[in-house]
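The structure appears below as structure tokens.
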Amino acid sequence: MSSPSSSSSSTRGVRAHVVACILSAMALMLCAGCKPPGKPTTADIELKPEEVRDFAALYRQNCVGCHGQDGKGNSALALANPVYLAIASDEVIRRATASGVRDSLMPAFAKSSGGMLTDDQIEILVHEMRARWKAKEALGAPPYAANEPGDPARGAAAYAAFCAGCHGPEGKGTKKGSSIIDDSFLALVTDQSLRTTVIAGRPDLGHPDWRNYVPDRPMTPQEVTDVVAWLDAHRKANAGQPYPGNEQAQKN
């Protein structure tokens, strides 16, 4: 029989061997690249705003609120609309992103215009929008910008033919479409925005493009220009300010 002292010594030897194995395993793990607890890696360090170059992050932080997830539209037009991408050049999108759109809700995002984005970040947005949300060929589409002034009288006839079915004979809206002569609405959109919507539509809202208002009868560039002129004729000079008809109400 072994003595108690020899048994105790054997136990201590086994324990020492186990501890040595554990320490060796930990050393191997550290050598294999496991970071010590609490030590940050490059991925853990938050980028400065001007250092963000990921399109998804830039779009989420600056665009998604108005233009919707994946560019599918929200309170503003869908940037992923293939017709919009077909008629709007990179320079048009770049200028709107950098400098904003006057007399609309589109703010300027370039640092040079008071925003938070660098020129490189704006270029990433423009390039990736085009790359991810490819434009489809839109043969016969009216140009993005009007080439000549519109005529409101001709626009009334064009409106009756192409738009009244949804927005009503006077533009005041129906169950199919909202009022498009509302003072507040017209105060928040530019003529170019109206033109873009007439041409490219709002697929997110069920609004057709220039080809699909009347079966087999697309709108001509001049008809688009004239409809916008008709809408523009309904603008109030000082939207939101007292008008002659409600001056007394404003005093009460």
Side-chain angles (χ1 to χ4, degrees), residues 55 59 63 66-99 101 104 106 122-168 171 174 176-178 180 185-186 189-233:
F55 169 78
Y59 182 84
C63 314
C66 291
H67 296 288
Q69 293 285 349
D70 300 318
K72 293 180 180 179
N74 190 8
S75 58
L77 82 156
L79 296 172
N81 182 336
V83 176
Y84 169 72
L85 291 174
I87 63 173
S89 67
D90 284 359
E91 178 54 32
V92 163
I93 300 173
R94 184 182 298 112
R95 184 171 60 249
T97 306
S99 304
V101 178
S104 81
M106 176 65 181
I122 290 173
E123 201 60 38
I124 290 170
L125 284 170
V126 174
H127 178 271
E128 289 300 313
M129 285 179 197
R130 185 76 67 186
R132 294 165 185 250
W133 307 324
K134 297 186 182 298
K136 293 181 180 179
E137 192 173 27
L139 293 176
Y144 176 79
N147 295 320
E148 56 187 61
D151 180 84
R154 290 197 308 258
Y159 174 85
F162 296 100
C163 314
C166 288
H167 296 289
T174 68
K176 293 182 178 180
S178 61
I180 51 176
F185 169 69
L186 290 175
V189 295
T190 64
D191 283 1
Q192 180 59 61
S193 178
L194 293 170
R195 180 180 180 85
T196 301
T197 300
V198 172
I199 299 171
R202 284 291 303 268
D204 53 310
L205 301 178
H207 189 297
D209 62 32
W210 95 101
R211 297 166 294 193
N212 297 301
Y213 293 108
V214 175
D216 301 318
R217 173 67 170 86
M219 294 182 75
T220 67
Q222 188 60 56
E223 286 170 332
V224 171
T225 302
D226 291 339
V227 164
V228 173
W230 180 82
L231 289 168
D232 183 64

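Predicted model only: the values in this text are computed from it and were never measured. All heavy atoms count here, side chains included; hydrogens, waters and symmetry mates do not.
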Discussion item. Between S104 and T190, is the side chain to side chain contact (heavy atoms under 4.5 Å, CB included) condition met? List the steps.
Written reply: CA-CA 6 Å; S104 81; T190 64; 4.1 Å; yes
Nearest 0.5 Å, what's the [atom1]-[atom2] distance between [X] and [Y]?
| X | Y | atom1 | atom2 | value |
| --- | --- | --- | --- | --- |
| C66 | L77 | SG | CG | 10.5 Å |
| L205 | N74 | CG | CG | 9.0 Å |
| C63 | L125 | SG | CG | 5.0 Å |
| D226 | E148 | CG | CD | 8.5 Å |
| L186 | D191 | CG | CG | 9.0 Å |
| R154 | W230 | CZ | CH2 | 15.5 Å |

[X] and [Y]: which non-hydrogen atoms are nearest, and at how many Å?
| X | Y | result |
| --- | --- | --- |
| F55 | I124 | CD1-O, 4.1 Å |
| M219 | E223 | CA-OE1, 3.5 Å |
| A78 | R202 | N-NE, 4.3 Å |
| N147 | P143 | ND2-CG, 3.7 Å |
| T225 | A146 | OG1-CB, 3.9 Å |
| Y213 | T197 | OH-O, 3.9 Å |

Is a donor on one side and an acceptor on the other found under 3.5 Å between the side chain of [X] and the backbone of [Y]?
| X | Y | result |
| --- | --- | --- |
| S193 | V189 | no |
| R211 | R217 | no |
| Y159 | V228 | no |

Is the shortest side-chain heavy-atom distance between [X] and [Y] below 4.5 Å?
| X | Y | value |
| --- | --- | --- |
| W133 | E128 | no |
| P142 | W210 | yes |
| D204 | K72 | no |
| Y59 | L79 | yes |

Worksheet item: Does the separation of the ring centres of H167 and F162 fall below 6.0 angstrom?
Response: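 Centroid separation for H167 and F162: 6.0 Å or greater.
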Worksheet entry | Residue pair D209, Y84: steps toward the side chain to side chain contact (heavy atoms under 4.5 Å, CB included) verdict | CA-CA 10 Å; D209 62 32; Y84 169 72; over 6 Å; no
Worksheet entry | Stepwise side chain to side chain contact (heavy atoms under 4.5 Å, CB included) test for D90 and R130 | CA-CA 8 Å; D90 284 359; R130 185 76 67 186; 2.8 Å; yes
Item to complete: Would you sort out whether M129 and I93 count as a side chain to side chain contact (heavy atoms under 4.5 Å, CB included), showing the intermediate values?
Response: CA-CA 10 Å; M129 285 179 197; I93 300 173; 4.1 Å; yes
